[in-house]
Structures are given as C-alpha cells and as structure tokens.
Amino acid sequence: MEEERSQNGPRLYERIYAAVRQIPVGRVATYGQIARLVGGCSAQMVGFALAALPNGSDVPWQRVINAKGKISPRGIGFGSLIQRTLLEEEGIVFMQDEIIDLNTYGW
DNA sequence: AGATTGACTGCAT
DNA sequence: CATGCAGCCAATC
C-alpha cells in the first residue's frame, strides 16, 4: 500500500480529488490543468490518482480528459465508452472523432 | 535503494 | 494524421 502517512494533512491524492470535484457540470479539464492547479505534481500523477479511485466515488473523473480533448485510452473496453456517455449526460457534445471542444467546454 | 510503469504532454519526424 | 522520443513525478515491484 502506499505510504498513507502524509504530513500535509490532505494527501496528494486527496488534493487531486478535490481539484477534480471543483470542475463544474458541463465542463471538462485536462490532466495537465489539474496537475498545475494542485501544484507539485505532474499530469501523470493525476491519471494515477484517478486510476486508484474506487468505483462509486464522488469524484467526477469522467470530466478529466487528455490534452487532445479526447478520452484517455485507458485500455480497451467499456471504460471509455462509459465515460463518453457520462459526459453526454452532463450536456457535453462530442465531435466526430469523439473529441471534446476544449475551447468551449474547457474549464 | 533501484528499476519499472503509467487514464500525460509537447515537440520532432 | 500516425509514430517516436524525452521530460515528468509518484506509486509499485
């Protein structure tokens, strides 16, 4: 297990989760955006944190996408399909290649 | 303590 | 537009 003892109060993961929770409905943010917002961590850490996220958590991980405005590949399967559906439920419209217009929906 | 990996990013080819 | 390479930092082996 990861070193659960942190000295800053909220763990690094918790900080990332907090940032993701701040994304308003109908908006999306990139990993890099979250990483910069949290500070002291890189985009890859954001993905790592979300990957460790338990199912049914209150963190809108679906609103976090990559810099291309697409859903992260995250392996093959339904995961990305579920994410796309969730975003559409929130009012986000995808373009032809399943790309999200960050210029419009970007946080 | 060291090597490997990863839901990333950006530039180069 | 697809593929490759380097930088990135923490978790995991």
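These numbers were taken from a predicted model, which means no experiment stands behind them. Protein chains get the first letters and strands the later ones, always in sequence-line order, with residue 1 at the start of each.
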What distance do A:Trp61 atom CH2 and A:Ile23 atom CD1 have between them, rounded to the nearest 0.5 Å?
12.5 Å
Which of residues 86-93 of chain A sit near DNA chain C, with a heavy atom under 4.0 Å from it?
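The stretch gives none, as no residue of it lies under 4.0 Å from the strand.
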Which whole-number value in Å describes the distance from [X] [atom1] to [N] [atom2]?
{"X": "A:Tyr31", "N": "C:dG7", "atom1": "OH", "atom2": "C1'", "result": "19 Å"}
{"X": "A:Asn55", "N": "B:dA7", "atom1": "CG", "atom2": "C1'", "result": "15 Å"}
{"X": "A:Asp97", "N": "C:dA2", "atom1": "CG", "atom2": "P", "result": "8 Å"}
{"X": "A:Leu81", "N": "B:dA7", "atom1": "CG", "atom2": "P", "result": "18 Å"}
{"X": "A:Leu12", "N": "C:dC8", "atom1": "CG", "atom2": "P", "result": "17 Å"}
{"X": "A:Asn66", "N": "C:dC8", "atom1": "CG", "atom2": "C1'", "result": "16 Å"}
{"X": "A:Ile16", "N": "B:dA7", "atom1": "CD1", "atom2": "P", "result": "14 Å"}
{"X": "A:Leu50", "N": "C:dA11", "atom1": "CG", "atom2": "C1'", "result": "14 Å"}

Are the side chains of A:Tyr13 and A:Phe48 in touch, meaning some heavy atoms are under 4.5 Å apart?
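When only atoms from C-beta onward are counted, A:Phe48 and A:Tyr13 do touch, with a gap below 4.5 Å.
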Would a 4.5 Å heavy-atom cut-off, applied to side chains only, mark A:Val93 and A:Ile100 as touching?
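The answer is no, as the side chains (C-beta and beyond) never meet within the 4.5 Å cut-off.
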Give every residue pair that meets the salt bridge (Lys or Arg N to Asp or Glu O under 4.0 Å) criterion with at least one member in residues 39-61 of chain A, sequence neighbours excluded.
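Listed by first then second residue: A:Arg21-A:Asp58.
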Considering all heavy atoms of both residues, which atom of A:Met45 and which atom of A:Ile16 are nearest to each other, and what is their separation?
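Nearest pair, atom of A:Met45 first, then A:Ile16: O-CD1, 3.8 Å.
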Sorted by first residue and then second, give each side chain to side chain donor-acceptor pair (under 3.5 Å) pair with at least one member in residues 91-107 of chain A; sequence neighbours left out.
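As it turns out, the side chain to side chain donor-acceptor pair (under 3.5 Å) pairs with a partner in residues 91-107 of chain A, which skip direct neighbours, are A:Arg84-A:Glu98, A:Asp101-A:Thr104.
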At a heavy-atom distance below 4.0 Å, what parts of residues 34-48 of chain A sit against DNA chain B?
A:Ala43, A:Gln44, A:Met45, A:Gly47, A:Phe48
Just jot down the side chain to side chain donor-acceptor pair (under 3.5 Å) partners of A:Gln22, sequence neighbours excluded, or say none.
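Listed in chain order: nothing, the list is empty.
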Show me the donor-acceptor pairs within less than 3.5 Å that the side chains of residues 27-44 of chain A make with the rest of the protein, sequence neighbours left out.
{"residue": "A:Arg27", "atom": "NH1", "partner": "A:Gly106", "partner atom": "O", "Å": "3.3"}
{"residue": "A:Thr30", "atom": "OG1", "partner": "A:Gln33", "partner atom": "N", "Å": "3.2"}
{"residue": "A:Tyr31", "atom": "OH", "partner": "A:Ser72", "partner atom": "OG", "Å": "3.0"}

Out of A:Leu87, A:Thr85, A:Leu86, which residue meets the side-chain contact (heavy atoms from CB on, under 4.5 Å) rule with A:Gln83?
A:Leu87
If you look at every strand shown and take non-hydrogen atoms under 4.0 Å, does A:Ala67 touch a base, only sugar-phosphate, or nothing?
sugar-phosphate
